[in-house]
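Here the structure comes first, spelled out in structure tokens, and everything after it is commentary.
Naming: A, B, ... by sequence-line order, numbering from 1 per chain. For the numbers below, each heavy atom of this structure counts, side chains included, while hydrogens, waters and symmetry mates do not.
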Number of protein chains: 2
Amino acid sequence: MKTPRTIENRYVVEAVVRALDLLEVFREGEELTLTEISQRVGLHKSRVFRLLQSLAARGYVERSADGIRYALGVKLIERAACVRRDLRQLALPFMQHLHTQFNETVNLAILDRQEVLYIEMLESSHPFRMAAAVGSRSPWHSTALGKAIVAHLSEDELHPLLQAERLVKLTERTITDPGQMRRELEKVRRRGYALDEGETEPGAACIGAPIFNHEGRPVAAVSLSGPAERILTNRREIVPALLAACREISRRLGFHQRSVANV
Amino acid sequence: MKTPRTIENRYVVEAVVRALDLLEVFREGEELTLTEISQRVGLHKSRVFRLLQSLAARGYVERSADGIRYALGVKLIERAACVRRDLRQLALPFMQHLHTQFNETVNLAILDRQEVLYIEMLESSHPFRMAAAVGSRSPWHSTALGKAIVAHLSEDELHPLLQAERLVKLTERTITDPGQMRRELEKVRRRGYALDEGETEPGAACIGAPIFNHEGRPVAAVSLSGPAERILTNRREIVPALLAACREISRRLGFHQRSVANV
DNA sequence: AAAAGAGGTTTCATTGTACGAAATATGAAA
DNA sequence: TTTCATATTTCGTACAATGAAACCTCTTTT
């Protein structure tokens, strides 16, 4: 179990990345025994033992009450709270306002490794609602969040995202053709917001708008999501409120140049 | 910079804990340069460089756009989402119900290293509200959350928490005497919920109740917090709703034995 | 009650990795 | 241009991290 030294990992410390890999084997709050973990990662039991001891020493994993199982530790919650703190703290009040105004699920997401990553969320209280989870991912090409961000990337950044084989068909309406996607992104750019009308999930809709940082880069997006009927019928009210919110968040991040959009 | 091997760290891997320590130097979404980090932790620049490369290789830290600074990475958000997943997922709908019912801030917290750690939160939309942050900590002895949990610990677990020097006075009303605290905890146990009437923050109040797991251990607590006037005047309605929620969450965690409380 | 089994912990010798030091590159300021 | 400050790379060496195997501890089987 040895990775050859390449340009990319020339300066990485084996023990550290192996320890970090251990954190990845825990799915959804699983509790695992030493042997299970060592089987999953294919490392020697005694090595895994020592790496786990190290992670446990700093609270990144915890022993279960019976002392026989390991689980992810609360230190992760503490540290995660510090990630993108400025953006999240800034966006949250605006998201809350949208949430009470429309009582739909409000999402804040960024683009990470070609996917949309949800970093903040307020759930609708409707019994019939849509909600992913903070920390989970969605494809960019089927979501309003993703399209809202990608529409404002440079050609260089856009190109790798538009590989046809990456535009996976999730529903009848998912855009899978690079050419069509380019036209869609052009439209998103023109009107300042993106729509997902059942492209991810049949019957579910989403309206998303981008957030720009001080350099004018699209660093995140906010969206409202829910059943297509509710979202689309309220579209005329949602869109201006969402755009105003995103414009103000962008402004506070130091963005000024041209205005974000014209509805 | 060498820590002697003791019983506790006999099996820890130096490189791993040092790497994890690097994650601790980032406060509230700070972006730091290599030199700043190496100064803060007191390790050789070139060592820090390699540890950061390793953390970056797995997404636990990220380079800033200019490539000159490091920040905590989004991988932390992903991994944190898996911590205590069962408890949080189970509690959230009940918290949401309390939130819409009373429109006060609803908190979910656990006891970690003698402190209350907030792991989930729904903020009141009142302009005048109280809200800590997910991932932040409070003393146990001044909060309803803390007292609700601690009241149900065994004498062995309770004893170290009751050291007088640990019961720091935060306001006029904070309980700082171990004997008085024992009587307070007895009361909390009897009525099934805890009150914080300005013991943490003058004018702020909080009502908290414990959640028990399948072994009957108090693993968490839910609370409603806000301005004392609102919280205490609604106490008659809040308490039964909160207790019912906590009882149901506990039941779903596998707790059955005796009922949690009698109001 | 003894034996077997399964998993966790400890010891130990050895190797090769992680380390510090110093050289080199990069980039900003003067 | 030089100077300064910081990041990156190289290199030899010490000792940290490792695999193997022994040794616990607890549960299950006979």
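The separation between B/L52 atom CG and D/dT9 atom C1' is 16 Å, rounded to whole Å. A straight line from CG of A/L51 to P of D/dA17 spans 10 Å, rounded to a whole angstrom. One can place CG of B/L43 at 7 Å from P of C/dG20, the figure rounded to the nearest angstrom. Whole-Å rounding puts the B/E14 CD to D/dA16 P distance at 7 Å. A/H44 has its NE2 atom 13 Å from the C1' atom of D/dA17, to the nearest Å.
Across the helix from C/dA1-D/dT30 to C/dA30-D/dT1, the helix axis at one end is tilted relative to the axis at the other end by 40° (nearest 10 degrees, each axis from five pairs).
The aromatic rings of B/F255 and B/F212 lie parallel to each other, with less than 30° between the two planes, well short of the 60° mark.
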At a cut-off of 3.5 Å, list every protein nitrogen or oxygen paired with a nitrogen or oxygen from nucleotides 6-13 of chain C, distance to 0.1 Å.
from   : atom 1 : to    : atom 2 : distance (Å)
C/dG8  : OP1    : A/L34 : N      : 3.0
C/dG8  : OP2    : A/T35 : N      : 2.9
C/dG8  : OP2    : A/T35 : OG1    : 2.2
C/dG8  : N7     : A/K45 : NZ     : 3.1
C/dG8  : O6     : A/K45 : NZ     : 3.3
C/dT10 : O5'    : B/Y11 : OH     : 3.2
C/dT11 : OP2    : B/R10 : NH1    : 3.1

Every protein N/O lying under 3.5 Å from an N/O of nucleotides 27-30 of chain C:
none

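Sorted by first then second residue, the ring-ring contact (aromatic ring centres under 6.0 Å, His included) pairs that include residues 30-89 of chain A, not counting sequence neighbours, are A/F49-B/Y11. Annotation: salt bridge (charged side-chain N to carboxylate O under 4.0 Å, His left out) contacts involving residues 138-155 of chain A, sequence neighbours excluded, comprise A/K147-A/E184, A/K147-A/E199, A/E155-A/R182.
By the side chain to side chain contact (heavy atoms under 4.5 Å, CB included) test, A/I149 is found to be paired with A/L111, A/P218, A/A221, residues two or more places apart in sequence or in another chain being considered. With sequence neighbours left out, the side chain to side chain donor-acceptor pair (under 3.5 Å) criterion links A/T35 to no other residue. Every residue two or more places apart in sequence or in another chain was checked for a side chain to side chain donor-acceptor pair (under 3.5 Å) with B/Q39, and none qualifies. Under the side chain to side chain contact (heavy atoms under 4.5 Å, CB included) criterion, A/A56 pairs with A/V61, sequence neighbours left out. With sequence neighbours excluded, the residues that form a side chain to side chain contact (heavy atoms under 4.5 Å, CB included) with B/A245 are B/F94, B/L98. With sequence neighbours left out, the side chain to side chain donor-acceptor pair (under 3.5 Å) criterion links A/S142 to A/T200. Remark: B/R84 engages A/E62 in a side chain to side chain donor-acceptor pair (under 3.5 Å) (not counting sequence neighbours).
A/H141 places no side-chain N or O within donor-acceptor distance of the main-chain N or O of A/P139, the cut-off being under 3.5 Å.
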